[in-house]
Enquirer: 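Dumping the structure here so I can ask a few things about it.
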Amino acid sequence: MIRPPAARALSMVLGVLLAGPVGAAWAQEGEPAAANPPAAPPRIAAHDFLMDGGDQARIVWEQSPDDPANVSAYAIYRSRTDAEIQKKIKDDRAKFIAGRKTEATKAILGEDWKTMLDTLTPQQRIDIRAARAEAAKAAAAEFDAGAMNDPASEDNRFLLHGSTKSLELKYEVDKLDRANAYVFMVKAVGKDFSKSAGAVTDAPMSPTLEWFDGTPVQSGGRFWLVWIVLIFCGAVVFWIRHARRGKPIRVRKIAGLEAVDEAVGRATEMGRPCLFVPGIQDMNDIQTIAGITVLARVARTAAEYDAKVEVPTARSLVMTTCRETVQAAYLSAGRPDAYNQDLIYYVTDEQFGYVAYLSGMMVREKPAACFYMGTFYAESLILAETGNAIGAIQIAGTAMPAQLPFFVAACDYTLIGEEFFAASAYLSGSPEELGSLKGQDLGKVIVAVLMILGIGMMTLASMVGEQSGLGERLSAAVKFLKDVILT
Amino acid sequence: MNRETTVWTVVFLLGAVLLAIRGVMVGGLFGTAYVKVDEREFVKVATDDGETLWVDAHDEDALDYDLTQAPESDRRRWTTAEQATPIEYQQAVADDPNQTQYRFSLSRTLGIWIAAFFTLAIFSFLYKDNPFYKVAESVVVGVSAAYWMVVGFWNVLVPNLFGMIEPRLVNTWAMPGLDSTENHWIFIVPLVFGIMLLMRLSPKGSWIARWPLAFFIGVFCGIRLLGFLHADFLSQIRNSVVSLYVTDGGGMDILWDSLRNLILVIGVLACLVYFFFSFEHKGMVGRTARLGIWFLMITFGAGFGFTVMGRIALLAIRLEFLFDDWLWLIDPTSKRLADVAGMLMPSLSIIT
Amino acid sequence: MKRTAPMIILALGGFVLLVAYFIPYTQGWGEDAALWFDILAAIAFILGGGNLLKIHLKKMSDKVPGWGYSAVCVASFLAMLTVGLLKIGVHPNEQFPDYRWSGTYDQVGSPFWWLYEYGFKPLTATMFAMLAFYVASAAFRAFRAKNFEAILLLGTAFIILLGRTFAGVFLTGFIPEDSPMAGLKLENLTMYVMQVFNTAGNRAIMIGIALGVASTSLKVLLGVDRSYLGSGEE
Amino acid sequence: MYEFFKNLDRRWVFLLMLLAVAVPILLEAKFPEKATGLATAVFTEVENLEAGAPVLLAFDFDPASEGELGPMATAFVRHCCEKKLRMYFLTLWPVGPRMVEDAVARVIKADFPELKYGDDWVNLGYKSGYEGVIKVIVTDLKQLYTTDHFGTSIGNIPMMEHIQSVQDFDLVINVSAGYAGTKEWVQYASTPFPNIRIVAGCTGVQAPLLYPYIPSQLPGLLGAIKGAAEYEKLVLDKYGANHPVRDADGNPVLDEDGNPVIPGKYLEGIRRMGPQMVAHILMIMLIIVGNVIYFVERSREGR
């Protein structure tokens, strides 16, 4: 990249003269007051995190005597590993020498040297080469002698990791490697951004790895998550077993699910195919799996009615899985002969290539029933509107909040979010699957309880006032709920 | 059908006429593309410490070496071309009639016309399915399928499979920059999975293709189960824990903010009731669920309204491509000399 | 065997990842799994692409009506594939001029880039742009005040649509900025709808989805729901 | 009439939509903009600065979102130039430097040649590390930025003399298309260090996610092309004709009614709002017509 002339002019001038004139040039805006660095924090310590991946440490220090009078922030550094130091020095050296070479070239060719490179005479090239070699040698010598080459120099040894504001006396350093030992340094940053001397931890420490993830430790990390997961899964399992024992399970109807069979039936009467679109995501998306379980039902009904189900997919793996599913469905319907795997085919991974194909295919083959079950993005409306134009019954199910509006607006029935996942349970009709719905409901109860509890305490706290003893206790409880249980 | 044919004939005649008018009225070229060509040369040189490296002959580093000695075998040349605006081309020619850096690009001009054709072909579907759309459709399916296969090969298989199992091999071939030499034998596993998957192609072994699928379905069920409970479930509850009596602000704000939070909480709870499966939507539950549906409907309305804006922008961009890059009817970003730009239409502006 | 083996593999994989989530050392496994999956998906292209070719070549050989389009599809497919995989017309990476394969496959100026730039991009972008038309017809057709729900839906859409243009600002422009009624200015209404109602609705939907995903995953892991494994529900 | 609308072929709707978008583009129609509260807030934040005040412009976007954010970037840079503010560009996105150079070429090099690199503006370029970069430069900018984008040592750039950290800037202007962007700047700069003031322009997708930060941590926000248009409007009203289109001899080109022509680059947002506006109104009309038909229908069935 070519530097703007101004920059080149400057670096030239300044390269020769020192920063003095610049200071003068800026004098009219008032010289900065003489640097007045605050005193360093008197004491500093580094602690390993309990229950973490062995890549974090907490640094705590004592307030600098000048804080808050003359401290705007604290800067936290960690020591570089030997490898890092070596690399830094190597890079700095290369940069330093390259810079000197450029200066040497400039000295000969002048400011516009970059534009002249292609028009140099052989003699010029020889001279420049010599000058650059000279400069490089000198620069190398200077660098090796200087402080930049000293691995122990503070600049080489410490890496600024982050900062806290004044009066904030702890900081969590992350992205550490537990194979190394680190020293940490904190500097107080003055109001004029001059820095105090560094307070350095005395002994190097290396973070340790624990067997359970409790980070951030003060919030109990994933302890509470374990409980929530156990309660939820426990509930689902319980209800499934409950159903297996033949106890009745009562669930409400979901409009649209009844319509599935009806839609297939209608397609059969009209002698037109059904179209099933399992979304545009791959098998690593649960929505695709949920969609395919719905396909299982659609395919079986189709097999019974002897209707044709066409399944174009946007992913090879989805195609494979859909074939397994549909084949199995035809088998269970006792019509293995009727199964035709060519009706389940891969189109393209490209979202809009896939849609282009689908809309074309829809207007040509005029399917009587269209099912959109899976992950959808912008294409949702293109499909739904095209389907509507050909007068098909359309049933959509997705958990993409952004696309629900379009399906709701353009389809006959839409399974909204959770209903879509519930659908497979309903359609399979097997009681044990219905059991899982009870588990989901329990989850919702948990939500309601936690919310009402938290909101109640918080509201009460702000009514009686944070300061009052009760208010304090309440807000502490809320804080625990929010920052410990719910993180 | 007869009506169809007439419509199409009309459309094409109209198009032809318009293009002709465009050519005559505005005059000059249109739909042409220009490039700025760069000659690159790289030369193999020996450093002082005996290593060999390649330097860009036109770059500063080349100054450190005597390139005249290098034999042809140690030189590599190619040209790169980057898009140039018509105005840049026109100016370059004006400055120096026999300059070669800025050139008219046939391939890109052709490209613009093809792109324009495809754009119109897709739009034509809005009127009715037709051969042009079918062509466009076939092309986009073919091209995009191949595109993702190529991407999968160069961006996934080469670096993440071959590059992991045998870096040295990849290093000497496609990724000289790759400096790791460590073999991650574990990546044999996905390779084996892949081979198992391909067993589908053999009539007998299709059952073994289920194994890798089963494995990944299981794995991702595990991941998503926790992922969703941890992220969405907990965090959404967390965000919903708000005070119904907001004191900061003062004055009317107390009322408004408190009211806002109240509505928020009621909304969330009502919607949850709507999703409840255990009870029929009757009586009290029914009424609450109804309220839930109302909230959902408002949400959907908002979602719809918000998205419309972006969708229209997309159409605008396509049309700008047709009018600006292809037909040169408008020139908002002054890519061309003034006498070509915007002659057709007087720029009209209502009280800006 | 053919059915139980996959079930075991599935459950094993799933529960291992469940536990791994809580152990710092194994937390990275999730990403590894994703990486592996991408590899499998990339290999699976052989199935997908092969299937694509098979279908269209069959159409061509059977001379079914419109087989010409299949020919176009196959041609563009093979063209893109060849120039891409063989890196035709791609010059080497500048750091490694003597490595013929070191250039990137989608280098500007290469045939692959040309096909992408003038075929792939305009086609997909235009398809995307079609949405502008479909939102219009959807609005005209579906936004009818059939019942209170529908009124809410279209009412909100109405407010937002207005609030996002000068028209809306103009309509309620007479309300002064600092009056207590300022809240009724369309642009402010838009903001409230987004901040309160939209948030509430989406929050509930997301909670529901989280529960749905979790229980579906669990059902799969427990083998309650096996349809996708080709075992059907019998 | 009613019958025609009742079973209206949707292709008429398509045609209307096409016209609604195409015609304004062809006529380059521009509609009046009225700045809403948020845009005005952004404008006043910049407007209230003294000449020579240091301003950090963080351009965290890429070509993909330039359509939406390019106009904002242009307007921001122009406003800063007109106010004679010192501009410090940096970016957390690898392709960001190109976006910066584009904006600089569009505005500074074209219309403000008197501004000198190193004195009035500097491009600090890209640094990897997402929010990590922000965490560091809020207390020590020079730790990370030892040279500018072109390799000039920071020590040789006069305008860097007085800059130690982000807190030294009177204002941070962030144009962001996602991660890392406005959210990160708010979380790691203005939240812990309230003396850092941030205004932002973002894509339509992001805007709703940023509402919660308004106004305490984020005084002003420009959302999508609409926001860009409003801001352009404000800048135009104040500095409109300062840099008109000039002919070969450098005289300003005048339009029909003798006003100097404003270069298209300063009207991008407003221009793109033209089709938006018409199309939105069409949508609203469609909804109304649709419902009128519906009610007529119902009343007829009623009889």
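Lettering follows sequence order; numbering is per chain, from 1. In what follows, every heavy atom counts, from backbone to side chain, and hydrogens, waters and symmetry copies are set aside.
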Enquirer: Does any part of the side chain of B/F187, heavy atoms only, come nearer than 4.5 Å to the side chain of C/W36, both counted from C-beta?
Expert: yes
Enquirer: Looking at C/N93, C/N198, C/D98, C/L12, which has the largest count of heavy-atom pairs under 4.5 Å with chain B?
Expert: C/D98
Enquirer: Tell me every residue that passes side chain to side chain contact (heavy atoms under 4.5 Å, CB included) with B/T119, counting only those two or more places apart in sequence or in another chain.
Expert: B/F123, B/R318, B/F321, B/L322, C/P122, C/T126
Enquirer: Counting only heavy atoms closer than 4.5 Å, note whether B/F117 contacts chain C via side chain, backbone, both or neither.
Expert: neither
Enquirer: Which atoms of B/N171 come close to chain C, meaning under 4.5 Å heavy atom to heavy atom: side chain ones, backbone ones, both, or neither?
Expert: backbone
Enquirer: Measure the OG1-CD distance between B/T80 and C/E94 for me, rounded to the nearest 0.5 Å.
Expert: 8.0 Å
Enquirer: For each of B/G267, B/A174, B/A145, B/G152, tally heavy-atom pairs with chain C at distances under 4.5 Å, and name the one with the top tally.
Expert: B/A174
Enquirer: Below 30° counts as parallel, above 60° as perpendicular, anything between as tilted: where do the rings of B/Y147 and C/F120 land?
Expert: tilted
Enquirer: Between C/Y105 and B/F153, is the ring centre distance below 6.0 Å?
Expert: no
Enquirer: What part of B/N239 lies closer than 4.5 angstrom to a heavy atom of chain C: side chain, backbone, both or neither?
Expert: both
Enquirer: Under the 3.5 angstrom rule, does the side chain of B/W154 hit a backbone N or O of C/G84 as a donor-acceptor pair?
Expert: yes
Enquirer: Quick check: do C/F197 and B/F295 have side-chain heavy atoms less than 4.5 Å from each other?
Expert: yes
Enquirer: With rounding to the nearest 0.5 angstrom, report the CG to CZ distance, C/L10 to B/F220.
Expert: 12.5 Å
Enquirer: Could you look at B/I112 and say if it's the side chain, the backbone, both or neither that has a heavy atom under 4.5 Å from chain C?
Expert: both
Enquirer: Sequence neighbours left out, cut at 3.5 Å: what donor-acceptor pairs do the side chains of residues 149-162 of chain C make with other protein atoms?
Expert:
{"residue": "C/E149", "atom": "OE2", "partner": "B/R290", "partner atom": "NE", "Å": "2.7"}
{"residue": "C/E149", "atom": "OE2", "partner": "B/R290", "partner atom": "NH2", "Å": "3.3"}
{"residue": "C/E149", "atom": "OE2", "partner": "B/W294", "partner atom": "NE1", "Å": "3.3"}
{"residue": "C/T156", "atom": "OG1", "partner": "C/L152", "partner atom": "O", "Å": "2.6"}

Enquirer: Checking heavy atoms, do the side chain of B/I186, its backbone, both or neither come under 4.5 Å from chain C?
Expert: both
Enquirer: When you measure from the side chain of C/W114 to the backbone of B/S107, do you find a donor-acceptor pair of N or O atoms at a distance under 3.5 Å?
Expert: yes
